[in-house]
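No experiment lies behind these values; they were computed from the predicted model shown. Counting starts at 1 for both ligands and their atoms, in listed order.
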Amino acid sequence: MKKIGIIGAMALEIRGIKEYLVIAGTDNYAGFTFITGSLNGKLVVLTVSGIGKVNAAICAQLMIDHYNVDCIINTGIASSLDPELRMCDVVISDDVTYHDVNPDQMISCFPNKERFYADRRLIDYAIHACDLTRTENWDYKVGRIVSGEQFVADDRKKKQIVKQYDALCVEMEGAAVGHVAYCNRVPFIVIRCISDSADRNAYLEYGTFEKISANISSTLVIQLIRLMNEY
Ligand code: ADE
């Protein structure tokens, strides 16, 4: 049976999934706890990576090395960069990249990629999951997600990222997961639910929406796994 790796940066971003998981055991590698179990008949490895690209990259590589996962899903919350995306709307990654690494450097240095593309089948499952789960309170889009070592809560910084990257949302881990997945030829997807708008109101909005948005993203992942029959 195939194995699905799931990474959330914070405990609240995987709590909803953990509740559904029939837990088989836990392991510890490099200080990270990996929970194994089954969810809707699929084998799952679940972990909280902590915040930031390096933590996410370590977890993605450990999942591949120790569990031989067949795909990786990064779930959680993000900040909107698109005027059409409101709180609790969902972004499904088409591609991911870093907003704090020079694009020239990404091309000139290994693995010589300016961005990392999510798996087409996983995108289709995620779209289907959104169509089945959606309420009148939220909508979804498929597009670029950018990651960087910064909680963006500044109008000027937001404008600069929007101008340079044409992305739908910003967070702090997804591109690192995509980077590691690409190097290992493992399919991946990032699913994020909007918790704030990356501007001066970001901290306030974040406090209001982090839990509800994290739960929406978790619910979608559960639904996506239900749909993954051929994995
Ligand atoms: N994740 C959720 N909100 C964020 C923000 N404003 N900046 C970076 N990552 C986030």
Is it possible for you to say whether Val146 and Ile92 belong to one hydrophobic cluster, with membership spreading through side-chain heavy-atom contacts below 4.5 Å?
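In one cluster: no.
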For Tyr117, enumerate each residue passing the ring-ring contact (aromatic ring centres under 6.0 Å, His included) test, keeping only those at least two apart in sequence or located in another chain.
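If we apply the ring-ring contact (aromatic ring centres under 6.0 Å, His included) test to Tyr117, skipping adjacent residues, there are no hits.
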Output all residues satisfying ring-ring contact (aromatic ring centres under 6.0 Å, His included) with His128, sequence neighbours left out; order by chain, then residue number.
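Partners of His128 under the ring-ring contact (aromatic ring centres under 6.0 Å, His included) test: none.
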Sort out the contact shell of ligand 1: every protein residue with a heavy-atom distance below 4.0 Å, listed by chain and number.
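Near ligand 1, by chain and number: Ile77, Ala78, Ser79, Gln150, Phe151, Val152, Val170, Glu171, Met172, Ser195, Asp196, Tyr206.
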Okay, side chain of Thr47, backbone of Thr33: is any donor-acceptor separation there less than 3.5 Å?
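Confirmed, Thr47 side chain pairs with Thr33 backbone.
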Where do Ile127 and Tyr140 come nearest, in terms of heavy atoms and distance?
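Closest approach of Ile127 to Tyr140: CG2-OH, 3.3 Å.
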Tell me which pairs pass ring pair (Phe, Tyr, Trp, His ring centres under 6.0 Å) where either residue lies in residues 184-219, with sequence neighbours left out.
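Qualifying pairs, neighbours excluded: Phe151-Tyr203, Phe151-Tyr206.
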